[in-house]
Amino acid sequence: MKKPIAESRTVQSRLVLPANTNHIGTIFGGNVLAYIDEIGAIAAMKHSESTVVTASIDSVNFVSSAKTGDVLNLEAIVTYTGTTSMEVYVRVSAHNLLENREQLTTESFLTMVAVDEEGHPKPVPKVYPETPEEIRLHETAPARKKHRIRKAKLR
Ligand SMILES: CC(=O)SCCNC(=O)CCNC(=O)[C@H](O)C(C)(C)COP(=O)(O)OP(=O)(O)OC[C@H]1O[C@@H](n2cnc3c(N)ncnc32)[C@H](O)[C@@H]1OP(=O)(O)O
């Protein structure tokens with residue numbers, strides 16, 4: 001079975017509240033990581049119609065901060081599938097609604113693995129790209145997967 005990348009597309013918005021921020025009013029990185037993990041899991045569950053676990057999160061660079069009152073917009077898609085694993089691309093931006101300014105906060109690639117009731121990996125449907133951006137992400141995924149596996153083996 002094959003499914004288009006678009007079917008896994010998941011979008012979430014979250015208001016940055018004082019409880020999510022540090023003493024200078026910017027969001028804690030750990031909170032953003034938790035949001036990335038959650039939306040990544042939802043996109044992977046949509047694609048696989050299965051329970052999933054996070055196998056890895058690639059390095060996350062925060063290129064700009066999100067402040068109290070900003071809206072964090074998150075978007076996730078499954079970009080590539082192996083046998084049991086799915087690569088998920090997540091993009092996060094901070095939107096200042098009062099000034100109508102939106103800035104990229106971070107991008108990340110996660111690997112989610114579909115698992116059965118015993119937690120054993122199980123096969124997922126293949127994913128295919130349709131738009132130029134999806135094709136770029138899909139075609140570059142095998143190189144990222146290779147790099148990830150090599151890094152995991154170094155431990
Ligand atoms: C501790 C926590 O709570 S962390 C947060 C939640 N995450 C978890 O609990 C996951 C804990 N880890 C696990 O359950 C297992 O290690 C699993 C399910 C991820 C992998 O199980 P394994 O028995 O190693 O399975 P296996 O070696 O067959 O790998 C399964 C797939 O995962 C991929 N994979 C395994 N480890 C990694 C990794 N570190 N990074 C990227 N992909 C990985 C493999 O390449 C394979 O993909 P493919 O089937 O598409 O080729």
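One-based numbering, in listed order, for ligands and for the atoms of each. In this chain, numbering begins with 1 at the start of the sequence shown.
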- Message: Assess the residue pair Leu104 and Arg91 against the criterion (side chain to side chain contact (heavy atoms under 4.5 Å, CB included)); give the C-alpha distance rounded to whole Å, side-chain angles, the decisive distance to 0.1 Å, and a yes or no.
- Response: CA-CA 8 Å; Leu104 177 72; Arg91 186 179 194 281; 3.6 Å; yes
- Proximity of Ser85 to ligand 1 by residue part, where a heavy atom lies under 4.0 Å: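 Contact part for Ser85 vs ligand 1: both backbone and side chain.
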- Show the numbers, then the answer: is there a side chain to side chain contact (heavy atoms under 4.5 Å, CB included) between Val78 and Val88? CA-CA 4 Å; Val78 171; Val88 184; 4.2 Å; yes
- Message: Whether the side chain of Lys3 engages the backbone of His47 through a donor-acceptor N/O pair (distance < 3.5 Å, no angle test) should be reported.
- Response: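 Yes; at least one donor-acceptor contact below 3.5 Å.
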- Right, does atom 47 (O) of ligand 1 have protein non-hydrogen atoms nearer than 4.0 Å?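 At least one protein heavy atom is under 4.0 Å away.
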- Query: How far is atom 37 (C) of ligand 1 from its nearest protein heavy atom, and which residue and atom is that?
  - Reply: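 Its nearest protein heavy-atom neighbour is Ala55 CB, 4.0 Å.
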- Identify, by atom number and element, the atoms of ligand 1 in contact range of Ser56, meaning under 4.0 Å from any of its heavy atoms.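 Near Ser56, meaning under 4.0 Å from one of its heavy atoms, ligand 1 has 40 (N), 41 (C).
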- Task: Please state which part of Thr83 comes within less than 4.0 Å of ligand 1, counting heavy atoms only: side chain, backbone, both or neither.
- Result: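 Both the backbone and the side chain of Thr83 come within reach of ligand 1.
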- Item | Protein heavy-atom partner closest to atom 49 (O) of ligand 1 - residue, atom, separation in Å |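 Answer for atom 49 (O) of ligand 1: Thr84 OG1, 2.7 Å.
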- atom 11 (C) of ligand 1: nearest protein contact (heavy atom, Å):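 Its nearest protein heavy-atom neighbour is Thr54 O, 4.6 Å.
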- Look at atom 32 (O) of ligand 1 and say whether a protein heavy atom is found at less than 4.0 angstrom from it.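 Yes; the ligand atom in question has protein heavy-atom contact below 4.0 Å.
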- Task: Applying side chain to side chain contact (heavy atoms under 4.5 Å, CB included), run through Lys122 and Val113 and close with a yes or a no.
- Result: CA-CA 8 Å; Lys122 64 179 233 196; Val113 177; over 6 Å; no
- Query: Should His120 be listed as contacting ligand 1, given a heavy-atom distance under 4.0 Å as the test?
  - Reply: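 Flag not set, His120 not near ligand 1.
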- Message: Yes or no, since that's all I need: does a protein heavy atom fall within a distance strictly under 4.0 Å of atom 41 (C) of ligand 1?
- Response: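 Under 4.0 Å from atom 41 (C) of ligand 1, at least one protein heavy atom found.
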- Message: With salt bridge (charged side-chain N to carboxylate O under 4.0 Å, His left out) as the test, pick out the partner of Glu87 among Lys145, Arg148, Lys146.
- Response: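 Testing Glu87 for a salt bridge (charged side-chain N to carboxylate O under 4.0 Å, His left out) against Lys145, Arg148, Lys146 leaves exactly one candidate, Arg148.
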- Query: Is a side-chain donor or acceptor of Asp70 paired with a backbone partner of Ala94 at a separation under 3.5 angstrom?
  - Reply: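 Side chain of Asp70 to backbone of Ala94: no pair is present.
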- Message: For Ser65, is there any backbone N or O sitting under 3.5 Å from a side-chain donor or acceptor partner on Thr105?
- Response: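 A pair under 3.5 Å: no.
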- Determine yes or no for a side-chain-to-main-chain donor-acceptor pair under 3.5 angstrom, with Thr81 supplying the side chain and Val127 the backbone.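 Checked: pair present.
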- Message: If we count only N and O atoms by modelled type, under 3.5 Å, do the side chains of Arg136 and Thr140 hold a donor and an acceptor together?
- Response: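 Arg136 vs Thr140: no donor-acceptor pair found between side chains.
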- Task: Looking only at protein heavy atoms, identify the closest one to atom 51 (O) of ligand 1 and say how far it is in Å.
- Result: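 Going by distance alone, atom 51 (O) of ligand 1 is nearest to Lys145 NZ, 3.2 Å.
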- Message: Do Ile57 and Ile77 land in one hydrophobic cluster if side-chain heavy atoms of ILVMFWY residues count as linked below 4.5 Å?
- Response: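 Yes, same cluster.
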- Message: Is atom 17 (C) of ligand 1 touching the protein, meaning some protein heavy atom lies under 4.0 Å away?
- Response: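 For atom 17 (C) of ligand 1 the answer is no, since every protein heavy atom stays at 4.0 Å or beyond.
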- Query: Can Glu7 and Lys46 be counted as an ion pair, charged N to O under 4.0 angstrom?
  - Reply: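 No, Glu7 and Lys46 are not salt-bridged.
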- Query: Just to confirm, does any protein heavy atom lie below 4.0 Å from atom 25 (O) of ligand 1?
  - Reply: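 Within 4.0 Å of atom 25 (O) of ligand 1, protein heavy atoms are found.
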- Task: Can you pull out the closest protein heavy atom to atom 20 (C) of ligand 1? Residue, atom name and distance to 0.1 Å, please.
- Result: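 Nearest neighbour among protein heavy atoms for atom 20 (C) of ligand 1, to 0.1 Å: Pro121 CG, 4.4 Å.
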- Query: Could an N or O of ligand 1 be found under 3.5 Å from any N or O of Thr111, whether backbone or side chain?
  - Reply: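 For ligand 1, there is no N or O atom that lies under 3.5 Å from one belonging to Thr111.
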- Quick one: does atom 8 (C) of ligand 1 have a protein heavy atom under 4.0 Å from it?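 Protein heavy atom within 4.0 Å of atom 8 (C) of ligand 1: present.
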- Item | For atom 45 (O) of ligand 1, the protein heavy atom that lies nearest, with its residue and separation |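 That would be Ile149 CD1, 3.8 Å.
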- Can a protein heavy atom be found under 4.0 Å away from atom 13 (C) of ligand 1?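 No, there is none.
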- Item | Backbone of Gly82 reached by a side-chain donor or acceptor of Thr84 within 3.5 Å |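 Side chain of Thr84 to backbone of Gly82, a donor-acceptor pair under 3.5 Å: no, none is there.
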- Message: If you scan the protein for heavy atoms around atom 29 (O) of ligand 1, do you find one that is closer than 4.0 Å?
- Response: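 No; the ligand atom in question lacks any protein heavy-atom contact below 4.0 Å.
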